[in-house]
2 protein chains.
Amino acid sequence: MTKKGKTWFAILGFLSWKPMSGYDIKNLVDISLSYFWSISYGQIYPTLKRLVAAGYATTEAGRSIGDRKRNLFRITNEGQKALDDWMSKPIDLSIQRDEMQLKLFLGGQRDTAQTISLIRDFKGQQTQRRAQLLIEYDETAPALESGEFADDIQWLEPERLSGARQKQAVREQTLIFLLSIRQGILKAEARITWCDEAISLLENPPYANKS
Amino acid sequence: MTKKGKTWFAILGFLSWKPMSGYDIKNLVDISLSYFWSISYGQIYPTLKRLVAAGYATTEAGRSIGDRKRNLFRITNEGQKALDDWMSKPIDLSIQRDEMQLKLFLGGQRDTAQTISLIRDFKGQQTQRRAQLLIEYDETAPALESGEFADDIQWLEPERLSGARQKQAVREQTLIFLLSIRQGILKAEARITWCDEAISLLENPPYANKS
DNA sequence: TCAGACATGTAAGTCGTTACATGATTCA
DNA sequence: TGAATCATGTAACGACTTACATGTCTGA
């Protein structure tokens, strides 16, 4: 049996929303998950094939009204079952490589000045990211009230629902999206806090006057 | 020319401390960088070969006094130069895949109850990790005062230095190590904060009474 | 009509893990 | 003596990116 990794279930997860093409999936990830996920065609198309081979999806070539022609993939009951199973499994917490920490560790006691300057740069990056995320948050938040997506943010265009249900779906989706942005903001802020602590300690080591 | 990735420079960075074997490097990473880096023999030995081929390191087979025999690798001037260059380059900030966020996004509006339970589990994991890191912090911190490593924490055993210089080296290394633990703690706390916010919002959505 | 977006795919290569193979040395 | 650990490696596989190839459709 083929190996089922995170990409496998990520794609299956999108198909559980509604039937999609590989192209749709790529767009969806790029537009709405760009901060914490990415995927390439080199993964998508072969994985879709394997999903069909595994009986987790079916394919309908060429279909689509009004739109250009796309190869749509639809999740099967078996696929849905496998997805539900994976969704409820605890998060895999294996190491997240952290280049900043690696450089700190490797160079920290050899060249403090350079390390400090590196941390300063890092803080700059994180500060910028935080600002960017705050803007995105503010642009998205109104949809929570209105139930209508702002301008270009129509990543989830659900099957047409009647007015009230449609608005509710938009609100739910918006809340999820805001939560993910919020996570990015908190992460950036934690890093900024760390940078400040680290710079301060490296500039004035607590053992400075010890022999 | 062979590709030079992070693993390449990670290994080179260790060699810049003192000559080491592949086995030493593996141990060092496992013991002191385990929270934010990992490396396997399948990477180490081939990379060491490539470092030698690139002129960044030399090898001395069999050497070692009192110890078992090991193949030691020593960084060259050229290697040191390349390392310095890499060390001063800004941190690569490309996406960090985040399984929690992926699952939130995929399942959030389909099955809120399951998502909440997933977040609760995640919070549990992060709380545990935070506790573990706090313990490690407390165990390591005394070395900042004493200039002597606690019990089994002798990852950096520098070339023998005279008393005062030796203590100073230990203090510097300890500070770096504490900073990296601190980063792990801040990261875990940011995640815990997010979990609380997320659960609260998912349980009581701000749009609950809207039509 | 033709540039640009839409849409689908493959090939080659890097990166990393796991499992396996091999042998030396230590010490209970 | 034999189990554990020290020590060095390779092979196979999976995950992911990049670059390429190919063709369609839309609108200025």
Side-chain angles (χ1 to χ4, degrees), chain A residues 1-11 19-31 33-34 36-54 57 59-73 92 94-99 102 152, chain B residues 1-11 19-31 33-34 36-54 57 59-73 92 94-99 102 152:
Chain A
M1 189 172 305
T2 43
K3 188 72 192 305
K4 301 175 190 73
K6 289 174 196 171
T7 297
W8 176 278
F9 289 107
I11 291 176
M20 287 186 195
S21 67
Y23 194 81
D24 292 334
I25 291 170
K26 171 74 170 147
N27 280 337
L28 206 45
V29 171
D30 286 352
I31 292 172
L33 277 80
S34 60
F36 46 83
W37 209 265
S38 81
I39 200 165
S40 65
Y41 290 126
Q43 294 172 271
I44 293 174
Y45 289 114
T47 302
L48 282 170
K49 267 190 185 171
R50 290 197 295 132
L51 282 170
V52 172
T59 180
E60 315 158 26
R63 296 280 95 216
S64 215
I65 328 146
D67 237 334
R68 284 141 178 280
K69 79 162 188 282
R70 292 169 304 158
N71 298 339
L72 289 186
F73 292 81
D92 164 35
S94 55
I95 54 97
Q96 298 266 58
R97 287 187 168 71
D98 187 326
E99 191 184 331
L102 176 67
D152 52 327
Chain B
M1 188 173 303
T2 43
K3 189 71 192 306
K4 300 173 190 74
K6 288 173 197 173
T7 296
W8 177 279
F9 288 107
I11 291 176
M20 287 185 195
S21 67
Y23 194 81
D24 292 333
I25 291 170
K26 172 72 170 150
N27 280 338
L28 206 45
V29 171
D30 285 353
I31 293 171
L33 277 81
S34 59
F36 46 81
W37 210 263
S38 81
I39 200 164
S40 64
Y41 291 126
Q43 294 171 271
I44 293 175
Y45 289 114
T47 302
L48 282 171
K49 268 191 184 170
R50 290 197 296 132
L51 283 169
V52 172
T59 181
E60 314 158 29
R63 296 279 96 214
S64 215
I65 329 149
D67 236 334
R68 282 137 178 283
K69 80 163 189 283
R70 291 170 305 157
N71 297 341
L72 289 185
F73 292 82
D92 165 35
S94 54
I95 53 98
Q96 299 267 60
R97 284 190 170 70
D98 187 326
E99 191 185 330
L102 177 67
D152 52 327

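The shown structure was predicted, so the numbers you read here are calculated from the model rather than taken from an experiment. Chain letters run A, B, ... following the sequence lines, proteins first, then strands; residues in each count from 1.
Qualifying side-chain hydrogen bond (donor to acceptor under 3.5 Å, both in side chains) partners for B/Asp98, counting only residues two or more places apart in sequence or in other chains: A/Lys187. Not a single ring pair (Phe, Tyr, Trp, His ring centres under 6.0 Å) links B/Tyr23 to another residue, sequence neighbours left out. Legend: residues meeting ring pair (Phe, Tyr, Trp, His ring centres under 6.0 Å) with B/Phe73, ordered by chain and number and at least two apart, are absent. For the side-chain hydrogen bond (donor to acceptor under 3.5 Å, both in side chains) test, residues two or more places apart in sequence or in another chain that qualify with A/Asp30 are A/Lys26. Partners of B/Thr47 by side-chain hydrogen bond (donor to acceptor under 3.5 Å, both in side chains), not counting sequence neighbours: none found. Scanning for ring pair (Phe, Tyr, Trp, His ring centres under 6.0 Å) contacts around B/Trp37 gives an empty result, with sequence neighbours left out. Shown here are the side-chain hydrogen bond (donor to acceptor under 3.5 Å, both in side chains) partners of B/Arg50, two or more places apart in sequence or in another chain: there are none.
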Could you list the protein-to-nucleotides 14-16 of chain C atom pairs, N/O on both sides, closer than 3.5 Å?
residue	atom	partner	partner atom	Å
C/dG16	OP2	B/Thr7	OG1	2.6
C/dG16	OP2	B/Gln43	NE2	3.3
C/dG16	O5'	B/Gln43	NE2	3.4
C/dG16	O3'	A/Arg97	NH2	3.4

N/O-N/O pairs, protein side and nucleotides 21-24 of chain C side, under 3.5 Å:
none

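Computed from coordinates, the B/Asp30 CG to D/dT5 C1' distance equals 15 Å when rounded to whole Å. Atom CD1 of B/Ile25 is separated from atom C1' of D/dC6 by 16 Å (rounded to the nearest Å). Rounded to whole Å, atom P of D/dG9 lies 8 Å from atom CG of B/Leu48. Atoms CG (A/Asp24) and C1' (C/dT8) sit 12 Å apart, rounded to a whole Å. Between the OH atom of B/Tyr41 and the C1' atom of D/dA12 there is a distance of 20 Å, rounded to whole Å. Between A/Ile44 atom CD1 and D/dA15 atom C1' there is a gap of 14 Å when expressed in whole angstrom units. If you measure from atom CZ of A/Phe9 to atom C1' of D/dG14, you get 15 Å, rounded to the nearest angstrom. Atom CZ of B/Arg70 and atom C1' of D/dT5 are 15 Å apart (whole Å).
Between the side chain of B/Asp24 and the backbone N or O of B/Ser21, at least one donor-acceptor pair lies under 3.5 Å.
For A/Tyr23, a side-chain nitrogen or oxygen approaches OP1 or OP2 of C/dC6 to under 4.0 Å. Between A/Tyr45 and the phosphate of C/dT8, there is a side-chain N or O to OP1/OP2 separation shorter than 4.0 Å.
Between B/Asn27 and B/Ile95, the residue anchored closer to the 5' end of DNA chain D is B/Asn27, taking for each the nucleotide with the nearest heavy atom.
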Where do A/Leu102 and B/Leu33 land on the side-chain contact (heavy atoms from CB on, under 4.5 Å) test, with the steps shown first? CA-CA 8 Å; A/Leu102 176 67; B/Leu33 277 81; 3.6 Å; yes
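The residue B/Lys26 sits apart from the nucleic acid: no heavy atom pair falls under 4.0 Å.
Nearest to the side-chain atoms of B/Lys49 among the listed nucleotides D/dT8, D/dT10, C/dA7 stands D/dT10.
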